[in-house]
S.K.: 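Handing you this structure, nothing more for now.
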Amino acid sequence: IENVKKCNHIMFFNNIKDDVFELSEKLGIDLQLPLKNKSMSEFMLSDNDDEYVREILKDEYEFYNLVKNEIYETTKVDI
């Protein structure tokens, strides 16, 4: 978390379009989102798969939530 606090821009995939635009504005360059691969975004996990993925990514989920909470406490922006 201490290294994340040093960043001046953090992007989350649930808001990637706006975050890339904001970064573009900060840097003064035209950043483009890569083309989205539809096959990677249009699928649903079964309940069993969802449980499995959440279990193997438990540490990543925990870190993600810590970062979100830190951003909220610092900026009062809800991610």
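For reference, positions follow the sequence shown, starting with 1. Hydrogens, waters and symmetry mates are skipped; everything else that's a heavy atom, side chains included, is used.
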S.K.: Using 0.5 Å steps for rounding, measure from the CG atom of L27 to the CG atom of L31.
M.R.: 6.0 Å
S.K.: Rounded to the nearest 0.5 Å, how far does CG of L66 lie from CD1 of I71?
M.R.: 11.0 Å
S.K.: Apply side-chain contact (heavy atoms from CB on, under 4.5 Å) to F21 and list each qualifying residue two or more places apart in sequence or on a separate chain.
M.R.: E25
S.K.: Please list, chain by chain and in numerical order, all residues satisfying side-chain hydrogen bond (donor to acceptor under 3.5 Å, both in side chains) with E70, sequence neighbours excluded.
M.R.: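 Testing E70 for side-chain hydrogen bond (donor to acceptor under 3.5 Å, both in side chains), a comparison that skips the adjacent residues, returns T74.
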S.K.: For E22, give me all partners under salt bridge (charged side-chain N to carboxylate O under 4.0 Å, His left out), at least two apart in sequence or on another chain.
M.R.: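 Only K26 meet the salt bridge (charged side-chain N to carboxylate O under 4.0 Å, His left out) criterion with E22.
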S.K.: Can you sort out the partners of Q32 under side-chain hydrogen bond (donor to acceptor under 3.5 Å, both in side chains), two or more places apart, ordered by chain and number?
M.R.: D30
S.K.: Taking salt bridge (charged side-chain N to carboxylate O under 4.0 Å, His left out) as the test, write out the residues that go with E73, two or more places apart.
M.R.: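 Partners of E73 under the salt bridge (charged side-chain N to carboxylate O under 4.0 Å, His left out) test: K76.
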S.K.: For a quick test of your reading: what N or O donor-acceptor pairs under 3.5 Å do the side chains of residues 46-59 make, sequence neighbours left out?
M.R.:
residue : atom : partner : partner atom : Å
S46     : OG   : D49     : N            : 3.1
S46     : OG   : D49     : OD2          : 3.3
D50     : OD2  : R54     : NE           : 3.3

